[in-house]
Amino acid sequence: MTKIILPELGEGITQATIACWHAKVDEDVVAGQEICEAVTDKASFVIEAPAPGKLKSIFVNEGQVGLVGGTLGTIESI
Amino acid sequence: MKQNMIVEDWGLVDYAEGYDRQRQCVQRVIEGAVDHLIFCEHPPVLTLGRMTNPDSLLYQRHDIEERGVTIINVDRGGDVTLHAPGQLIVYPIFNLNKHGKDLKAYMEKLEEVAVDLLKNFGILAISISGQRGVFVGDDKIISIGVGVRKWVTYHGLGINVATDLSLFNLIKPCGLNVCMTSMQKLKGHPVSMKDVKAKVVELFQKRFL
């Protein structure tokens with residue numbers, strides 16, 4: 001299982017809102033695929049799938065706030 | 001001396017075409033091309049950012065489109081904004097792996113460029129904490145919204161040089177209850193787009209060496 005982590009986005013940025021997911025739970029994803037977008041401070045940051053597999057779970061849904069370093073979802077190896 | 005930035009001027013370009021060209025440019029920069037600074041203007045279009053509140057559109061969609069203004073969802077932060085001829089669009093396609101992987105610092109640099117630009121034209125503008133963009137008094141003059149892929153930036157600044165400000169009556173710009181203004185309105189005479197572009201290039205080269 002690989003975690004999709006909200007990365008460091010800059011000094012003082014501790015959280016971001018998940019604007020959208022580009023993949024649904026149970027969908028196959030490839031490493032590097034644009035998987036979701038996090039918005040902070042009028043900047044939208046594209047997050048990529050860290051590994052290939054199946055999007056197993058989404059912990060932070062669209063419109064919800066994730067913490068930097070926190071897990072947004074998980075990918076299960078196929 | 002190694003060129004640190006390529007400047008391109010696309011002129012008046014349809015928003016969707018400009019967006020496709022931006023994405024292609026982002027890909028080239030991801031693959032190692034130098035930073036690009038792109039100028040253009042768009043025919044009247046409302047772009048809805050990722051955090052758009054439906055209440056920011058003050059008219060029904062078909063009423064807006066009947067006025068010749070198209071509406072497009074876009075992958076930048078922020079709420080709704082309007083682009084139209086006379087508004088200088090600046091798309092910095094910059095690799096933040098070279099300039100610091102810090103979204104807040106990048107946005108602040110954009111605001112600094114915007115404030116310095118206006119100062120050069122005799123306009124005293126400020127950025128307001130917590131509200132991205134640049135203001136003159138209570139009126140907004142420059143909007144900012146960016147997207148980032150693999151730490152390469154796209155979208156950017158909308159500088160109201162000589163925009164038809166009546167078009168902003170269609171929306172709450174950036175979701176705010178503000179009026180928009182332009183350089184031409186504040187100066188009381190036409191402002192040279194060519195001069196504005198030259199100063200923008202100079203300021204970006206200074207801030208993003």
Side-chain angles (χ1 to χ4, degrees), chain A residues 2-25 27-53 55 58-75, chain B residues 22-23 26-27 30 47-54 73-81 92 94 96-97 99-111 114 127-134 140 142-158 173-176:
Chain A
T2 306
K3 291 178 179 174
I4 303 164
I5 302 287
L6 181 61
E8 293 280 343
L9 299 172
E11 199 180 326
I13 300 176
T14 57
Q15 60 183 40
T17 302
I18 299 306
C20 58
W21 281 90
H22 295 302
K24 295 189 177 79
V25 169
E27 235 175 62
D28 290 347
V29 297
V30 296
Q33 174 184 332
E34 295 184 1
I35 199 162
C36 66
E37 286 177 40
V39 174
T40 176
D41 209 12
K42 294 192 79 175
S44 175
F45 188 90
V46 176
I47 295 170
E48 298 173 346
L55 181 58
I58 289 177
F59 299 140
V60 184
N61 288 297
E62 293 180 3
Q64 293 183 326
V65 173
L67 296 177
V68 167
T71 305
L72 304 174
T74 56
I75 295 172
Chain B
Q22 262 197 95
R23 293 283 299 216
V26 167
Q27 192 55 40
I30 287 172
T47 60
L48 313 182
R50 289 297 191 206
M51 304 310 280
T52 296
N53 181 334
N73 292 305
V74 293
D75 57 348
R76 60 160 171 73
D79 204 291
V80 60
T81 196
F94 287 177
L96 295 187
N97 289 295
H99 301 292
K101 289 161 68 171
D102 189 326
L103 295 185
K104 190 160 171 256
Y106 174 66
M107 301 290 276
E108 285 170 358
K109 274 189 181 182
L110 293 185
E111 286 182 339
S127 54
I128 298 175
S129 178
Q131 291 187 15
R132 285 292 176 214
V134 171
K140 194 169 193 182
I142 295 178
S143 299
I144 298 176
V146 310
V148 183
R149 287 180 65 219
K150 292 184 190 290
W151 287 105
V152 172
T153 64
Y154 54 108
H155 297 300
L157 305 164
C174 304
L176 304 171

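Just so it is clear, the values below take in all heavy atoms, side chains as well, and ignore hydrogens, waters and symmetry mates. Note on naming: letters A, B, ... go to the chains in the order of the sequence lines (proteins, then strands), and numbering restarts at 1 for each one.
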- Query: Under a 4.5 Å heavy-atom cut-off, does chain B meet the side chain of A/Val39, its backbone, both or neither?
  - Reply: side chain
- Is there any side chain to side chain donor-acceptor pair (under 3.5 Å) pair reaching into residues 99-111 of chain B, and which pairs are they, with sequence neighbours excluded? B/Asp35-B/His99, B/Tyr106-B/Thr153, B/Glu111-B/Arg132
- Task: Count the heavy-atom pairs under 4.5 Å between each of B/His155, B/Met107, B/Arg76 and chain A, then report the option with the highest count.
- Result: B/Met107
- So which heavy atom on B/Arg50 is nearest to which on A/Ser44, and how close? CG-OG, 4.1 Å
- Under 4.5 Å heavy-atom distance to chain B, tell me which part of A/Glu11 shows up: side chain, backbone, both or neither. both
- Could you tell me which of A/Asp41, A/Ile13, A/Thr40 has the largest number of non-hydrogen atom pairs under 4.5 Å with chain B? A/Asp41
- Query: A/Glu8, A/Glu34, A/Glu62: which one forms the most heavy-atom pairs within less than 4.5 Å of chain B?
  - Reply: A/Glu34
- Note on the structure: Sorted by chain and number, sequence neighbours left out, salt bridge (charged side-chain N to carboxylate O under 4.0 Å, His left out) with B/Lys150 holds for A/Glu48
- Task: Would you name the heavy atoms of A/Leu9 and B/Trp151 that are closest together and state the gap between them?
- Result: O-CH2, 3.7 Å
